[in-house]
Number of protein chains: 2
Amino acid sequence: MNVKSIPRPDYEEELRKAGIRITRPRRVILNILSETEGHPDALEIFHRAAAIDGSISLSTVYRTMKLLEGMGAIHRHAFEGGPSRFEQAGGGHHDHLIDIETGDVIEFKSDRIEQLQDEIARALGYDIVHHRLELYGRKRKRG
Amino acid sequence: MNVKSIPRPDYEEELRKAGIRITRPRRVILNILSETEGHPDALEIFHRAAAIDGSISLSTVYRTMKLLEGMGAIHRHAFEGGPSRFEQAGGGHHDHLIDIETGDVIEFKSDRIEQLQDEIARALGYDIVHHRLELYGRKRKRG
DNA sequence: AATGCAATTGCAAATCGTTTGCAACACGAG
DNA sequence: CTCGTGTTGCAAACGATTTGCAATTGCATT
């Protein structure tokens with residue numbers, strides 16, 4: 001079910017196409033992102049990057065994330081409580097279920113819910129620009 | 001449709017019952033909350049409170065909101081971008097549509113969506129503890 | 001009404017996640 | 001290889017919120 005099959009995105013190519021320089025720090029961060037399946041926060045990315053190149057700064061991680069976010073290459077999620085967490089774009093839209101005990105994030109998608117949201121917004125005289133649906137729960141003990 | 005009919009809650013009574021002292025700052029804040037329909041943030045509450053009693057501090061506003069939140073008397077919402085906004089509890093559960101141009105918040109409720117959320121969580125092996133559904137949109141130009 | 005003390009306050013300083021100013025530096029077009 | 005601009009690391013600034021502390025106050029008690 002939750003098996004992702006996102007093709008490793010070629011962020012470098014994307015950046016180049018957008019006329020943005022490929023620097024050493026960016027390359028390191030980009031590689032980390034493309035081989036990461038989960039929803040890491042800036043600190044996690046920074047630590048992994050620092051392990052590869054100790055001179056990379058947290059600022060640069062933040063700046064790079066903001067850059068990629070602006071390009072639409074990644075999404076930023078501000079789940080309750082913690083820092084922003086990032087995920088590769090390109091996997092198609094989905095919502096999130098957060099395990100409040102472990103922080104694990106499970107992705108899911110419901111066309112029916114999306115449709116209902118549209119109907120509600122329409123009924124209220126609005127067009128949805130984007131939305132946020134997060135379920136916070138804990139693993140059920142007995143199935 | 002969006003006509004609220006929440007009876008002015010008697011926060012003072014609630015606090016007293018919980019064995020919590022009624023102080024002058026708290027009384028002022030409580031009154032402001034009970035006569036406020038919208039979703040004010042701490043700063044707004046602070047300003048209104050300061051207009052009544054200039055010695056009230058922002059810290060006290062935050063402390064009081066946290067107290068009320070802990071008692072379940074109010075809810076805190078961290079909408080995208082801005083500071084936390086508060087609303088009286090007791091109006092029954094609902095979700096929010098945020099006008100991204102004005103910041104206005106419209107409440108709505110969909111049993112169908114709630115039900116679908118439960119089904120999804122269940123299918124993933126989880127029990128929902130709480131959830132967050134926020135629609136961000138702009139007013140439609142032509143109906 | 002006066003007493004006593006824990007709860008509460010205001011203030012300033014601390015916190016957390018994130019952004020920014022700046023001078024040094026390094027891409028990559030030429 | 002040179003040059004100009006984009007990027008960097010650093011430290012300081014940021015906005016929202018919380019906290020330590022000494023001074024104050026509510027209120028149960030006399």
* Return the value, rounded to whole Å, for the distance between atom CZ of A/Arg24 and atom C1' of D/dG6. => 18 Å
* How many Å lie between CZ on A/Arg26 and P on D/dT7, as a whole number? -> 4 Å
* Asked: Can you check whether A/Ser84 has a side-chain N or O nearer than 4.0 Å to OP1 or OP2 of C/dG17?
  -> no
* Asked: With nearest nucleotides of DNA chain D determined for A/Ile20 and B/Ala42 from heavy-atom distances, which residue corresponds to the more 5′ nucleotide?
  -> A/Ile20
* Structure fact -> Between CZ of A/Phe46 and P of D/dT8 the distance, given in whole Å, is 14 Å
* N or O in side chain of A/Lys66 less than 4.0 angstrom from C/dT19 OP1/OP2 -> yes
* To do: Could you work out which one of D/dT8, C/dT9, C/dT19 sits closest to the side chain of A/Pro25?
  => D/dT8
* Asked: Taking the side chain of A/Arg63 as heavy atoms from C-beta outward, which of C/dC27, D/dT8, D/dC27 is closest to it?
  -> D/dT8
* To do: Answer yes or no: are there more than 12 heavy-atom neighbours, outside A/Arg112 itself, under 6.0 Å from its atom CZ?
  => yes
* Asked: The side chain of B/Arg76 lies closest to which of these nucleotides: D/dT17, C/dT8, C/dT19?
  -> D/dT17
* When all nucleic acid strands are considered with a 4.0 Å heavy-atom cut-off, which category describes B/Ile56: base, sugar-phosphate, or nothing? -> sugar-phosphate
* To do: Nearest whole angstrom, please: distance from the C1' of C/dT18 to the CE of A/Met65.
  => 13 Å
* To do: Among D/dT7, C/dG17, D/dC27, find the nucleotide with the atom closest to the side chain of A/Pro83.
  => C/dG17
* Asked: In whole Å, what is the span from the CD1 atom of B/Ile29 to the C1' atom of C/dT9?
  -> 11 Å
* Give the rounded distance in Å between these two atoms: CD of B/Glu44 and P of D/dT17. => 12 Å
* Asked: Choosing from C/dT19, D/dC27, C/dG17, which nucleotide comes nearest the side chain of B/Arg16?
  -> D/dC27
* What orientation do B/His94 and B/His77 show, parallel under 30°, tilted 30 to 60°, or perpendicular over 60°? -> tilted
* Is there a chain of hydrophobic side chains (I, L, V, M, F, W, Y, each step under 4.5 Å between heavy atoms) that links B/Leu30 to B/Leu58? -> yes
* Structure fact -> What one should report as the nearest heavy-atom pair of A/Glu114 and A/His93 is OE2-NE2, 3.0 Å
* Structure fact -> 5'-most contact on DNA chain D (nearest-nucleotide basis), A/Ser59 vs A/Leu67, goes to A/Leu67
* For atom OH of B/Tyr62 and atom P of C/dG10, their distance in whole Å -> 15 Å
* Which of these nucleotides, D/dC27, D/dG4, C/dC11, is closest to any side-chain atom of B/Ser57? -> C/dC11
* Round to a whole Å and report the spacing from CG of B/Asp53 to C1' of D/dT24. => 14 Å
* Asked: When the ring planes of A/His96 and A/His39 are compared, do they come out parallel, tilted or perpendicular, using 30° and 60° as the limits?
  -> perpendicular
* Among D/dT8, C/dT9, C/dC27, the nucleotide that comes nearest once only the side chain of B/Thr60 is considered -> C/dT9
